[in-house]
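Worksheet for the structure shown next.
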Amino acid sequence: MGPVGYGAVRTAIVPAAGLGTRFLPTTKTVPKELLPVVDTPAIEYVAAEAAQAGAQRLVLVVSPGKESVAAHFDPNPDLEAGLRGHGKEALLAKVRRAPELIGVEVAVQDKPLGLGHAVGCAEPLLDDSDDAVAVLLPDDFVLPTGVLITMAVIRQRYGGSVLCAFDVPREQISAYGVFTVDDTDEPDVKRVRGMVEKPAPEAAPSTFAAAGRYLLDRAVFDALHRIAPGSGGELQLTDAIALLIDEGHPVHVVVHRGERHDLGNPGGLLRASVDFALKDPEIGPELRSWLLNRLEQENP
């Protein structure tokens, strides 16, 4: 649980309906959210991040057939009993971690109709106490964790909705959604005036690019009902946020001074695994030595 008084939201939404085509053939049978970073599925890291920020439940938005993602958070009494009987307490703690992190519910997105549509699929599971929701995109691995707590503090201060941004080198900016911003009294908090998808570097309104963390006022669901679908009939979350901005709803970004890994492609997942493995006291030293020797062989 996040610290009391941080204004953390109760419900976190994780859109996990993608088919993971960049990981085929593995994702024929294994959802990409269950692919491991070292030994832990990516979805567990996301759940831990939400729980750290105070969320009490996680709504997984999945496509038909991907309900097994939620099964990772179910207890496995037989496995736990076997590990306990063999004195494998460290492994037992790892197995019990996910079920104890957070309550998990599932919403099914029948058709791939955009991120906005995916977020909207969680609306029927909300109640009156959900005046805001967190949205975490599982492909975006934001490090160090804790940005949602900072975002909750900023929401308490300014109201409205708060998003996460990275300051990206201008030559790389065309790969991202980019914010038009005004400064505030805090150097890493910006008021959002608009957003442009994948602009040319010279046309980008800033170098602040969207990361996959959102703290959205409940008003976003009304906006999702009112925006027009784009190409392919998709509802875009950024269009709903843009509508709220046009109507005077305050939207801010927190500029996160950290790292990110893109777990949505094999190279990004591999880099994240190497990053985490190098920090592991058991795996790290041997891996570091092997990598250095391997790189010397590549570049004698």
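Owing to the predicted nature of the structure, the values given are computational and were not obtained by experimental measurement.
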Hey, does the side chain of K190 reach the backbone of P187 with a donor-acceptor pair shorter than 3.5 angstrom? yes
I154 side chain near M151 side chain, heavy-atom distance below 4.5 Å: no
Looking at every non-hydrogen atom in both residues, tell me the closest pair between P205 and V196 and how far apart they are. CG-CG2, 4.2 Å
Is there side-chain contact between R260 and D140, with heavy atoms separated by less than 4.5 Å? yes
Distance alone, cut at 3.5 Å: any donor-acceptor contact between the side chains of E234 and H117? no
Could you check whether any side-chain heavy atom of I149 comes within less than 4.5 Å of a side-chain heavy atom of Q52, counting everything from C-beta outward? yes
Which atoms form the tightest heavy-atom contact between A122 and V61, and what is the distance? CB-CG2, 4.4 Å
Distance, nearest 0.5 Å, that separates CD1 of I227 from CG of L235: 5.0 Å
Are there more than 12 heavy atoms of other residues, nucleotides or ligands under 6.0 Å from atom NZ of K28? no
Tell me whether K94 is salt-bridged to D39, with the criterion being a basic N under 4.0 Å from an acidic carboxylate O. yes
Would you mind telling me which of V37, L34, L101 makes a side chain to side chain contact (heavy atoms under 4.5 Å, CB included) with E44? L101
Would you confirm whether R218, through its side chain, and V133, through its main-chain N or O, come within 3.5 Å as a donor-acceptor pair? no
Does a salt bridge link D130 with R57, judged by any charged N lying under 4.0 Å from a carboxylate O? yes
I want to check something: taking the side chain as every heavy atom from C-beta on, are V192 and F208 in contact at a cut-off of under 4.5 Å? no
Over 12 non-hydrogen atoms of neighbours within 6.0 angstrom of CD in E105: yes
State, without any angle test, whether E186 and H252 hold a side-chain donor-acceptor pair at a distance under 3.5 Å. no
Any donor-acceptor pair under 3.5 Å linking the side chain of S161 with the backbone of D217? yes
If you count every heavy atom of other residues, nucleotides or ligands that lies below 6.0 Å from R170 atom CZ, does the total exceed 12? yes
If you look only at pairs with a residue in residues 264-273, which of them pass as a side chain to side chain donor-acceptor pair (under 3.5 Å), with sequence neighbours excluded? D262-N265
Would you say that L287 contacts L278 through its side chain, given a criterion of any heavy-atom pair below 4.5 Å between the two side chains? yes
Check the surroundings of atom CD in E282: do more than 12 heavy atoms from other residues, nucleotides or ligands lie under 6.0 Å from it? no
